[in-house]
> 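The structure that follows is given in the form of structure tokens.
By convention in this document, chain letters (A, B, ...) are assigned in the order of the sequence lines, proteins followed by strands, and residues within each chain are numbered from 1. Bear in mind the structure is a predicted one, so any value in this text is a computation, not a measurement.
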2 protein chains.
Amino acid sequence: MSAQRKNSRQRNAILECVKKHEDHPTADIIYQEVRELFPHISLGTVYRNLSLLTSLGSIRKISCNNHADRFDWHLEPHAHFICSRCGKVSNFPSKIQLQYINDSGDDFRGLITDQSIFFYGYCENCYNPDSPADESLPGAKI
Amino acid sequence: MSAQRKNSRQRNAILECVKKHEDHPTADIIYQEVRELFPHISLGTVYRNLSLLTSLGSIRKISCNNHADRFDWHLEPHAHFICSRCGKVSNFPSKIQLQYINDSGDDFRGLITDQSIFFYGYCENCYNPDSPADESLPGAKI
DNA sequence: GTTTTTGCAAAGTATTTGCAAATGG
DNA sequence: CCATTTGCAAATACTTTGCAAAAAC
């Protein structure tokens, strides 16, 4: 029932481009870089393939507050830090484990396919002690 | 240095509207509802005030994959489930605690202001066993 | 009275989509 | 060959913004 997949040089180049990056590039950054190999590639093709590669599980999409989505080829689960000012995404340096305090999650009907943990704030470059943020870090209990 | 705040009937109505909801409404839903009280209110005003209320910490914004942002007046930290198909957001039924396995987070320069935990998948209504999702739930280690 | 906020409309940003032509198997 | 993918351009979805008038204090 599902459509057959055909190989495409553009898709391969897009995947290779994401894999070259350790810095969670946006679709537009990937477009700019792949354009050096395929000068006539369109942004639509880049979006289409990033979306396809995400749904195939080859890469992972990071959806960011008010900024363009980013893509990550590291599939092992890890938490991200997102800068609220410049939109930069980085891996959160600590390893984190989720503890389920109660098991009412068993009540959940439907299907869980993915999970994500984000920390928000201001990155080293954007953090200015003269303009403090409006919220403080909530406790670890979620 | 920060601008003085003046009261506004529209802003109050918007906050009250968010507080009436347990279902994480979008800006547009709030707009539709507040319009019953203020028929000439504009979507721009709704966005401006939701953004202001968020930065004041009165409400919380939930940024969703490919869907309109949602707003939540429950400030105690809790995890959310986001349906990848219909965009519906619900509270995740289990309480969760984050455990930091190592403390390299101390290396982090910048400011952390917020954190969030999302589970993605298909909600009860959208889950159809005939069209299984492409990924399985990654382990709890992040 | 001065400053903030509003309504309106227009612009902006990120992403998706329709379609004929090109490509892949 | 036939199905999938591409490039292009236009459309969409959501959100922000400029500005004169209205409201708040």
> Nearest heavy atom decides the nucleotide; on that basis, is A/L43 or B/D28 closer to the 5' end of DNA chain D?
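On the 5' side of the pair lies A/L43.
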
> Between A/S8 and C/dT23, is there a side-chain N or O to OP1/OP2 distance below 4.0 Å?
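So the side chain of A/S8 is outside the cut-off, no N or O lying under 4.0 Å from OP1 or OP2 of C/dT23.
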
> Counting only side-chain N and O atoms of A/Q10, is one of them less than 4.0 Å from OP1 or OP2 of D/dG7?
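For D/dG7, OP1 or OP2 has a side-chain N or O of A/Q10 closer than 4.0 Å.
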
> Would you mind telling me which residue lines up with the more 5' stretch of DNA chain C, B/N7 or A/T45, judged by nearest nucleotide?
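Its nearest nucleotide being more 5', the pick is B/N7.
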
> Using atom CZ of B/R11 as one end and atom C1' of D/dA24 as the other, report the distance to the nearest whole Å.
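Checked: the CZ to C1' distance equals 11 Å.
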
> Is B/Y47 near enough to D/dT15 that one of its side-chain N or O atoms lies under 4.0 angstrom from OP1 or OP2?
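Yes, such a contact exists.
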
> Expressed in angstrom and rounded to an integer, what is the separation of B/N49 atom CG from D/dA24 atom P?
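Atom CG in B/N49 sits about 13 Å away from atom P in D/dA24.
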
> Please tell me which of the listed nucleotides, C/dT15, D/dC8, C/dG7, lies nearest to the side chain of A/H40?
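Side chain of A/H40 sits closest to D/dC8.
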
> Rounded to the Å, how far apart are B/K61 NZ and D/dC14 C1'?
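Spelled out: NZ on B/K61 to C1' on D/dC14 is 11 Å.
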
> Any donor-acceptor pair under 3.5 Å between the side chain of A/R5 and the base of C/dG24?
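No pair found.
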
> Does a distance-only test, which skips hydrogens and angles, find a donor-acceptor pair under 3.5 Å between the side chain of B/K6 and the base of C/dT3?
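Yes.
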
> Assess the pair A/F119 and A/F92: is the distance between their ring centroids shorter than 6.0 Å?
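Centroid separation for A/F119 and A/F92: below 6.0 Å.
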
> Output the rounded distance in Å from CD1 (B/I41) to P (D/dA21).
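Going from B/I41 (CD1) to D/dA21 (P), I get 21 Å.
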
> To the nearest Å, give me how far apart CG (A/D69) and P (D/dT15) are.
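Computing the A/D69:CG to D/dT15:P distance gives 13 Å.
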
> Identify, between B/G44 and A/S42, the residue whose nearest nucleotide on DNA chain D lies closer to the 5' end.
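Result of the comparison: A/S42.
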
> With a 3.5 Å cut-off and just heavy-atom distances, do the side chain of A/R9 and the base of C/dG24 make a donor-acceptor pair?
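For A/R9, whose side chain was compared with the base of C/dG24, there is no donor-acceptor pair (under 3.5 Å).
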
> Taking OP1 and OP2 of C/dA14, is either one under 4.0 Å from a side-chain nitrogen or oxygen of A/H67?
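It does not, given that no N or O in the side chain of A/H67 lies less than 4.0 Å from OP1 or OP2 of C/dA14.
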
> Just to be sure I understand the rule, does A/R48 reach a base, reach only the sugar-phosphate, or reach nothing, if contact means heavy atoms closer than 4.0 Å?
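Base: the residue A/R48, judged by heavy atoms under 4.0 Å, touches a nucleobase.
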
> Return the value, rounded to whole Å, for the distance between atom CG of A/L56 and atom C1' of D/dT5.
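My rounded result for the distance is 14 Å.
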
> Starting from P on C/dA14, measure out to OH on A/Y31 and report it in whole angstrom.
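Rounding to the nearest Å, OH of A/Y31 and P of C/dA14 are 14 Å apart.
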
> Below 4.0 angstrom, N of the basic side chain to O of the carboxylate: do B/R60 and B/D114 qualify?
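B/D114 and B/R60: salt-bridged.
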
> What is the distance, rounded to the nearest whole Å, between atom CG of A/L52 and atom P of C/dT16?
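Rounded to the whole Å, the gap is 12 Å.
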
> Is there a donor-acceptor pair under 3.5 Å between the side chain of A/R109 and the backbone N or O of B/N125?
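Flag not set: sc A/R109 to bb B/N125 has no pair under 3.5 Å.
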
> At their closest point, which heavy atom of A/W73 faces which heavy atom of A/H21, and how far apart are they?
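Shortest heavy-atom contact: NE1-O, 2.8 Å.
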
> Taking only Lys NZ, Arg NE, NH1 and NH2, and the carboxylate oxygens of Asp or Glu, determine whether A/D69 and A/K61 approach each other closer than 4.0 Å.
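Answer for the salt bridge query: yes.
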
